[in-house]
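Worth saying up front: this structure is predicted, and the values here are computed from it rather than measured. In the text below, chain A, chain B and the rest are named by the order of the sequence lines, each starting its count at 1.
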2 protein chains.
Amino acid sequence: MRAKKEVFRRYLRENGLRFTPERGRILEAAVSQSAHFDAEELYLKLRRRYGRISKASVYRTIPLLVQCGLIRAVGHHDGRYHYEYIYGHAHHCHLRCLECDKMVEFTLNSLNEIEGQVGKKYRFIVTGHRLEFHGYCLQCSRAIKKNRHSPVFDSSP
Amino acid sequence: MRAKKEVFRRYLRENGLRFTPERGRILEAAVSQSAHFDAEELYLKLRRRYGRISKASVYRTIPLLVQCGLIRAVGHHDGRYHYEYIYGHAHHCHLRCLECDKMVEFTLNSLNEIEGQVGKKYRFIVTGHRLEFHGYCLQCSRAIKKNRHSPVFDSSP
DNA sequence: ATCATTGCAAAAGCTTTGCATAAGA
DNA sequence: TCTTATGCAAAGCTTTTGCAATGAT
């Protein structure tokens with residue numbers, strides 16, 4: 001299953017950009033990331049695996065992968081953007097713990113329908129949506145109950 | 001209607017914090033912001049209106065307003081967090097144009113119900129959700145069709 | 001009289017950019 | 001060969017933090 005590479009190659013070709021070893025490796029690293037990732041994690045992984053790679057290349061490649069639909073930005077917390085590989089995966093929503101950052105993924109079909117209605121009503125071409133539920137997971141909500149004197153800060157976006 | 005100020009005062013008191021003129025002004029500025037705002041806009045507005053105020057105070061106060069439910073972070077784009085005043089407003093979702101940043105607000109009641117189901121299923125205490133639809137508004141989608149040679153970058157979170 | 005808050009400036013992060021060198025097409 | 005891409009380091013931005021002075025309670 002190397003369709004993803006073909007998608008990337010085609011996207012690059014059609015935009016007068018070049019397919020380079022670095023870009024190939026960055027794509028591979030993004031794909032093989034088990035869950036969500038950020039630019040730094042991608043960079044470190046590439047560093048370990050191949051040695052020479054620059055952060056600039058990672059940062060310059062990420063928007064290309066977003067643009068051709070292979071990955072998407074999931075959100076922004078802790079001061080960084082977080083991404084996930086999406087090509088060939090069903091669209092899904094996230095449930096995130098504000099305390100420990102645990103993430104659960106789940107699908108919600110009804111939104112696709114709503115997307116169309118909303119687009120029609122407000123005359124938008126709706127290209128996607130992002131839905132995140134947030135709160136506290138079992139462990140964290142227990143921990144918080146115990147020491148309710150240490151204030152929990154929800155500075156999340 | 002000064003309930004918002006009372007909410008803030010009470011929150012501060014209960015946490016051993018002090019109500020200061022600066023904090024009062026920052027709250028006022030956030031409230032009187034017609035739509036969405038970011039830290040810089042708030043700062044400039046306060047600057048114009050009162051003169052002396054520091055960015056640090058704005059940045060230090062925003063999390064307090066979030067914490068006590070008077071404002072919330074709507075998202076992160078263009079490298080900044082964006083907020084909106086929510087106290088006393090019905091919860092709503094956003095539809096955003098990726099090109100010109102135009103925002104439309106609309107409500108979607110079905111999500112509250114789903115929130116409960118999801119929380120039960122994954123054993124989370126769900127405290128809220130954030131749903132954003134995105135795409136292109138009428139004007140922008142027209143403009144993009146015309147000059148489809150200038151690639152549109154969706155670098156949004 | 002205390003102790004939190006302010007303002008200022010400096011620091012901290014993440015992300016972007018300039019430039020010389022390397023290398024796809 | 002002609003451009004685009006890379007790596008490095010520097011710059012850019014938003015946001016955070018240290019500290020002396022100020023001010024709320």
Revision key, fill the gap. The residue, B/P21 or B/G79, whose nearest nucleotide of DNA chain D is more 5′ is B/G79
Study note, to complete from the structure: Of B/R18 and A/T20, the one whose nearest nucleotide on DNA chain D sits closer to the 5' end is A/T20
Review point. Is it true that B/H82 and B/H76 have ring centroids separated by less than 6.0 Å?
Key: no
Point to revise | Side-chain N,O (B/S57) to OP1/OP2 (C/dG7) below 4.0 Å | key: yes
Check your understanding: B/R23 side chain N/O closer than 4.0 Å to the phosphate oxygens (OP1, OP2) of C/dT5?
Key -> yes
Exercise for review: Would you mind telling me which of C/dT15, D/dC8, C/dA25 lies closest to the side-chain atoms of A/A56?
Suggested key: D/dC8
Practice item. Round to the nearest Å and state the distance from B/K55 atom NZ to D/dT17 atom C1'. Key: 15 Å
Revision key, fill the gap. To the nearest angstrom, the OH-P distance between B/Y50 and C/dT6 comes to 14 Å
Study note, to complete from the structure: Ranking B/F19 and B/R47 by the position along DNA chain C of their nearest nucleotide, the one closer to 5' is B/F19
Study note, to complete from the structure: Separation of C/dT15 atom P from A/R80 atom CZ, nearest Å, is 8 Å
Review point. Can you check the B/R60 CZ to C/dA9 P distance for me, whole Å?
Key: 14 Å
Exercise for review: Take the protein atom CZ of B/F37 and the nucleotide atom P of D/dT15, then report the distance between them rounded to whole Å.
Suggested key: 12 Å
Exercise for review: Give a yes-or-no answer on whether the side chains of B/E132 and B/H94 include a donor-acceptor pair shorter than 3.5 Å.
Suggested key: no
Practice item. Quick one: sort the A/Y83 and A/Y81 rings into parallel, tilted or perpendicular, breaks at 30° and 60°. Key: tilted
Practice item. Starting from C1' on C/dA25, measure out to CG on A/N15 and report it in whole angstrom. Key: 16 Å
Check your understanding: Is any side-chain nitrogen or oxygen of B/Y59 closer than 4.0 Å to OP1 or OP2 of D/dT15?
Key -> yes
Review point. Does B/H92 reach the main-chain N or O of B/A90 with its side chain, forming a donor-acceptor pair under 3.5 Å?
Key: yes
Practice item. Give a yes or no on whether a salt bridge exists between A/R72 and A/E84, defined as a side-chain N under 4.0 angstrom from a carboxylate O. Key: yes
Revision key, fill the gap. A/Y81 atom OH is separated from C/dG13 atom P, nearest whole Å, by 19 Å
Practice item. Would you indicate what B/R52 reaches in the nucleic acid, counting non-hydrogen atoms under 4.0 angstrom: base, sugar-phosphate, or nothing? Key: sugar-phosphate
Practice item. Go through C/dG7, D/dT6, C/dC14 for me and flag the one nearest to the A/E22 side chain. Key: D/dT6
Review point. Among D/dA5, D/dC8, C/dT5, which nucleotide sits nearest the side chain of B/L17?
Key: C/dT5
Check your understanding: How many Å lie between NE2 on B/H76 and P on C/dT15, as a whole number?
Key -> 9 Å
